[in-house]
Amino acid sequence: MARSRENVLVIGAGMAGLAAASRLLEAGVEVSILEARARPGGRLATLDAEGLSIEAGAEFVHGTPEPLWELLARAGIATVDVGSGQVDVGTRASEPSPASEPSLAEMAEILEAFADADGSVADFLALPSTQARWSPEARARAATYVESFHAAPVALASARGTARAEQGASASSESATFRVQPGYGALVRALAAPLGDRLLLDTVVTAVRWERGRVEVDARTYPGARMRTFEARAAVITLPIGVLQLPAGAEGAIRFTPPLPEATQHAIASLGMGPVVRVVLAFAAPFSTGPGEPTFLHTPGEAFSVFWALPGKAPRASGSPTMLVAWAGGSNAAALSGRGARAIADEAQGVLARALGQDEAALAARCTGAWVFDWLLDPYARGAYAFITAGAEDAADTLATPVEDTLYIAGEATCSEAIGTVHGALRSGHRAATQVLVLRTLDQGPDGPYAPEGRYPREGA
Ligand SMILES: Cc1cc2nc3c(=O)[nH]c(=O)nc-3n(C[C@H](O)[C@H](O)[C@H](O)COP(=O)(O)OP(=O)(O)OC[C@H]3O[C@@H](n4cnc5c(N)ncnc54)[C@H](O)[C@@H]3O)c2cc1C
Ligand SMILES: NC(=O)Cc1c[nH]c2ccccc12
């Protein structure tokens, strides 16, 4: 077995791991990247569904975060503006009506006001001063938004942390939302290509033994047959927080020897991993979701609290949508999770039928496909994305602090300014790579263990 002490191991080939590995490789550091799945990308997963690209995980580019746009531009990948149509339907069958501007504006104010609040989102919404200032509709809208899009139960989510995440997800003054036209999978392919056979798929990490300046990682192949040990000077660990939170001994838990420092363990335990159930429904014929073909159709109070249309393929592109996403996050998703694809798809169709005032059986008969993504059940994610819980506002920064200059934890959950996003994951990977590279420059010098053979001229050579 090849053993090398010069390299850096990157655990996980999602956006954070791919970004870290690419940076390190560009800087001349020899890296190996260990990925449990049979594909790179992690929570970026574009599937082919009836000839259309659909996302199982992330779909949107939130705002114009510079490093993500730079990557897209470098790879020549186009984006499309999603649009901002918002339509509300009540819990009872009714005609969808455009979301009222005042209630949207009030909700934006509430999300901003979270920034100055201690405690949870639920605490803030229950304050007499909050109730006096904003309408019940706006408060309910804010709660539903946090539960669904931040995937965070309002009783747990930090108000200040949510304000920060919200700002991070906007990432620009005009908070437009975009789609990656060919799907995020195209970006994953562009990032993974230069890594070649340094990217090891079907490699499930089971244990990390470490001491300052030395890491040993045990891994098995998916069926569990082959064990391998990898050795390196340092490891960038991009495991989702849901995986790091697994109790010792649980299926899929990774054993750290010695255990991670108390502060790191505490930070891991105190972050939340938000659940999401995402269903893509396909309809054979053009399908109308209401006036002006809205982008987002809100169904508050239902198990799926928001729906949106996916761009169709020609010749339907100019017509009504034929593919819709049904989205449940936070407490709703936790309640749906584990009920099975059939029951979850039926529930999504039922909510949609009620929302549009249509007959449920007739709508179901027109549905030609349903793809169900229940992220809490994903063994290599254990949820959709992280959220900051009340009292744990510093946890992401704690995780981003290198452990003994040897373990560098990255991933979306470690990016305090854009937690839960693709660009947050990307930034965390770049940050970890920089931490590794700075260490090389300061502590190791050009002849140190990170220096690839022949990269630096030796004196007298
Ligand atoms: C349904 C959904 C919708 C989302 N929507 C958006 C959106 O619209 N916009 C947005 O910006 N963000 C969105 N996100 C969040 C975004 O997808 C994530 O923040 C980002 O992709 C996380 O990247 P990462 O590298 O931190 O983690 P991951 O992509 O999870 O990468 C970690 C990698 O580690 C691997 N791994 C796990 N266990 C092991 C092990 N034992 N051994 C080896 N490897 C292992 C995993 O397989 C994975 O590939 C969404 C996420 C989900 C789930
Ligand atoms: N569908 C989404 O955009 C989900 C999402 C991921 N991270 C976020 C942060 C803020 C708002 C939404 C999100």
Side-chain angles (χ1 to χ4, degrees), residues 9-20 33-45 55-63 65 68 82 111 145-146 148-152 162 164-171 175 177-180 184 187-188 199-208 217-220 222 236-244 246 251-254 273-279 296 306 308 325 327-329 333 373-376 378-387 409-415 418-429 432:
L9 290 172
V10 175
I11 303 179
M15 178 48 90
L18 291 170
I33 177 161
L34 313 180
E35 169 53 51
R37 301 180 203 260
R39 58 162 183 87
R43 284 170 274 170
L44 303 181
E55 303 285 13
E59 175 179 347
F60 302 122
V61 179
H62 292 288
L68 182 52
V82 168
L111 295 176
Y145 177 82
V146 172
S148 52
F149 283 109
H150 289 270
T162 304
R164 191 137 193 234
E166 182 58 21
Q167 229 180 352
S170 306
S175 65
T177 304
F178 304 85
R179 266 193 197 94
V180 179
Y184 266 118
L187 186 58
V188 170
L199 172 56
L200 301 168
L201 300 174
D202 284 320
T203 306
V204 185
V205 169
T206 55
V208 177
V217 172
D218 290 341
R220 59 170 175 78
Y222 172 67
V236 174
I237 297 169
T238 74
L239 296 165
I241 206 77
V243 172
L244 289 172
L246 289 169
E251 175 71 32
I254 288 138
M273 185 61 166
V276 166
V277 174
R278 189 179 191 283
V279 180
F296 295 97
V306 61
W308 61 83
V325 173
W327 179 276
F373 307 108
D374 180 348
W375 279 92
L376 211 49
D378 185 296
Y380 302 123
R382 308 275 180 168
Y385 39 91
F387 64 91
I409 302 179
E412 50 88 12
T414 72
C415 182
I419 199 164
T421 66
V422 175
H423 59 280
L426 171 61
R427 276 191 204 150
S428 78

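No experiment lies behind these values; they were computed from the predicted model shown. Order of listing sets the numbers, starting from 1, for every ligand and every atom in it.
- Protein residues with a heavy atom closer than 4.0 Å to ligand 1 are Gly12, Ala13, Gly14, Met15, Ala16, Leu34, Glu35, Ala36, Arg37, Gly41, Gly42, Arg43, Leu44, Ala56, Gly57, Ala58, Glu59, Phe60, His62, Thr203, Val204, Val205, Thr238, Leu239, Pro240, Ile254, Val276, Arg278, Trp327, Trp375, Tyr380, Ala384, Tyr385, Gly411, Glu412, Gly420, Thr421, Val422, Ala425, listed by chain and number.
- Remark: distances from the non-hydrogen atoms of Glu59 to ligand 2 are all 4.0 Å or more.
- Classification of Arg278 and Glu59 as a salt-bridged pair holds, one side-chain N sitting under 4.0 Å from a carboxylate O.
- Among Tyr145, Trp327, Trp308, Tyr385, the residue whose heavy atom lies closest to atom 11 (C) of ligand 2 is Tyr145.
- Contacts between Phe60 and ligand 2, counted as non-hydrogen atom pairs separated by less than 4.0 Å, involve the side chain only.
- Ranked by closest heavy atom to atom 3 (O) of ligand 2, the top entry among His150, His62, Gln167 is His62.
- The backbone N or O of Ala381 sits nowhere less than 3.5 Å from a side-chain atom of Trp375 that would complete a donor-acceptor pair.
- A pairwise comparison of heavy atoms in Val236 and Ala20 identifies CG1-CB, 4.1 Å as the closest pair.
- The main-chain N or O of Ala425 is never found under 3.5 Å from a side-chain atom of Glu412 such that the two would form a donor-acceptor pair.
- A distance-only check finds no donor-acceptor pair linking the side chain of Ser428 to the backbone of Ala410 [under 3.5 Å].
- For atom 9 (C) of ligand 2, the closest heavy atom belonging to the protein is Ala169 CB, 3.7 Å.
- Separation of the His150 and Tyr145 ring centroids falls under the 6.0 Å cut-off.
- Where the criterion is an N or O separation shorter than 3.5 Å, residue side chain and backbone included, Gly420 meets it with respect to ligand 2.
- The closest donor-acceptor contact from the side chain of Thr203 to the backbone of Ala36 lies at 3.5 Å or more, if one exists at all.
- Distance alone, capped at 3.5 Å, is enough to place a donor-acceptor pair between the His423 side chain and the Gly168 backbone.
- The single protein non-hydrogen atom nearest to atom 12 (C) of ligand 2 is Phe149 O, 3.4 Å, given as residue, atom name and distance.
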Given the rule in the side chain to side chain contact (heavy atoms under 4.5 Å, CB included) test, do Leu18 and Glu35 qualify, once you have shown the distances and angles that lead to the verdict? CA-CA 10 Å; Leu18 291 170; Glu35 169 53 51; over 6 Å; no
